[in-house]
Undergrad: 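Got a structure here, written out as C-alpha cells. Questions coming.
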Amino acid sequence: LLKKEFMVNTSGQQISATYDRIYNIEAGCAIVETDYKKGVINKKGEETIPPHYKNIMINKNGTIWYQEDKLWGLFKQDGQKIINPILKLH
C-alpha cells in the first residue's frame, strides 16, 4: 500500500484532504502532491492552489512560482495569479 498524507490540527483532527505527499512548509503554506501534480494548502489545510502543476516553489515572502509545461508564472499565497506562465527559467 502507498502511504497517504494529510494535515492535522493540534487536537489530532484531520483538517486537509489526503495527498500522496505534503512537504516544504514555508510562509504559512505547504506543497501538496497527488499523481505527480503539485498544488498548495494553507496552514488551515485549505487548498489554495489545486494540484494541477508540474512544479511549484514557495518563496519566503509568500509568493509561489508554478510551472506549466516549460513556462513559469506566479501566484499570491491565497491562489490569486500575479503572472500567467510566460517566463522561461533556466
Side-chain angles (χ1 to χ4, degrees):
L1 292 174
L2 294 176
K3 179 180 82 166
K4 297 287 186 175
E5 299 179 359
F6 53 87
M7 188 179 286
V8 297
N9 62 17
T10 55
S11 301
Q13 297 171 313
Q14 183 174 340
I15 60 169
S16 75
T18 301
Y19 300 96
D20 294 341
R21 196 168 158 215
I22 299 175
Y23 62 99
N24 197 28
I25 299 169
E26 181 79 49
C29 54
I31 296 173
V32 295
E33 186 174 329
T34 297
D35 297 325
Y36 305 103
K37 296 290 185 178
K38 296 173 179 76
V40 174
I41 57 174
N42 63 22
K43 61 185 173 184
K44 296 178 185 176
E46 301 165 331
E47 198 172 89
T48 56
I49 301 170
H52 297 299
Y53 301 97
K54 179 178 179 179
N55 206 349
I56 283 189
M57 296 184 297
I58 301 172
N59 297 311
K60 290 182 182 183
N61 67 4
T63 57
I64 299 161
W65 288 103
Y66 68 99
Q67 183 180 15
E68 282 185 1
D69 300 315
K70 295 180 182 182
L71 301 177
W72 289 82
L74 194 64
F75 279 113
K76 287 184 180 180
Q77 192 171 1
D78 64 4
Q80 180 183 357
K81 275 188 185 176
I82 299 171
I83 299 173
N84 286 320
I86 58 171
L87 303 171
K88 188 169 187 175
L89 304 178
H90 298 280

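In this chain, numbering begins with 1 at the start of the sequence shown. Values below: every heavy atom of this structure, side chains too, minus hydrogens, waters and symmetry copies.
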Undergrad: What residues, two or more places apart in sequence or in another chain, satisfy side-chain contact (heavy atoms from CB on, under 4.5 Å) together with I25?
TA: A30
Undergrad: Less than 4.5 Å apart, any side-chain heavy atom of I22 and any of S16?
TA: yes
Undergrad: State which residues pass salt bridge (charged side-chain N to carboxylate O under 4.0 Å, His left out) with D20; sequence neighbours excluded, sorted by chain then number.
TA: K4
Undergrad: Scan for side-chain hydrogen bond (donor to acceptor under 3.5 Å, both in side chains) pairs involving residues 32-42, sequence neighbours excluded, and state none if there are none.
TA: N42-E46
Undergrad: My understanding is that a hydrophobic cluster links ILVMFWY residues whose side chain heavy atoms are under 4.5 Å apart, including indirect links. Using that, what else belongs to the cluster containing F6?
TA: V8
Undergrad: Who pairs with N61 by side chain to side chain donor-acceptor pair (under 3.5 Å), at least two apart in sequence or on another chain?
TA: T63
Undergrad: Would you kindly confirm whether I15 and Y23 end up in one hydrophobic cluster when ILVMFWY residues are joined by side chain heavy atoms under 4.5 Å apart?
TA: no
Undergrad: Test of understanding: with side chain to side chain donor-acceptor pair (under 3.5 Å), list the residues that count as partners of D78, not counting sequence neighbours.
TA: none
Undergrad: Of all residues at least two apart in sequence or in a different chain, which pass the side chain to side chain donor-acceptor pair (under 3.5 Å) check with N24?
TA: none
Undergrad: Show the nearest heavy-atom pair for residues K43 and M7, with the distance to one decimal.
TA: O-SD, 3.8 Å
Undergrad: List for me each residue that meets side-chain contact (heavy atoms from CB on, under 4.5 Å) alongside T10, sequence neighbours excluded, and say none if there are none.
TA: none
Undergrad: Do the ring planes of F75 and Y66 sit parallel (below 30°), tilted (30 to 60°) or perpendicular (above 60°)?
TA: tilted
Undergrad: Can you give me the closest heavy-atom contact between G79 and I49, atom names plus distance?
TA: CA-CG1, 3.8 Å
Undergrad: If you compare all heavy atoms of I31 against all heavy atoms of I56, which two are closest, and at what distance to 0.1 Å?
TA: CD1-O, 3.4 Å
Undergrad: Say whether, by atom type as modelled, one donor and one acceptor occur between the side chain of Q67 and the main chain of D69 under 3.5 angstrom.
TA: yes
Undergrad: With rounding to the nearest 0.5 angstrom, report the NZ to CZ distance, K3 to R21.
TA: 9.0 Å
Undergrad: Between E68 and P85, which heavy-atom pair has the shortest distance, and what is it?
TA: OE1-CG, 3.3 Å
Undergrad: Scan residues 47-56 for pairs that pass side-chain hydrogen bond (donor to acceptor under 3.5 Å, both in side chains), counting only residues two or more places apart or in two chains.
TA: Y19-E47
Undergrad: Drop me the distance from M57's CE to L74's CG, to the nearest 0.5 angstrom.
TA: 9.5 Å
Undergrad: Please report the shortest heavy-atom distance between I64 and I58, naming the atom on each side.
TA: CG1-CG1, 4.3 Å
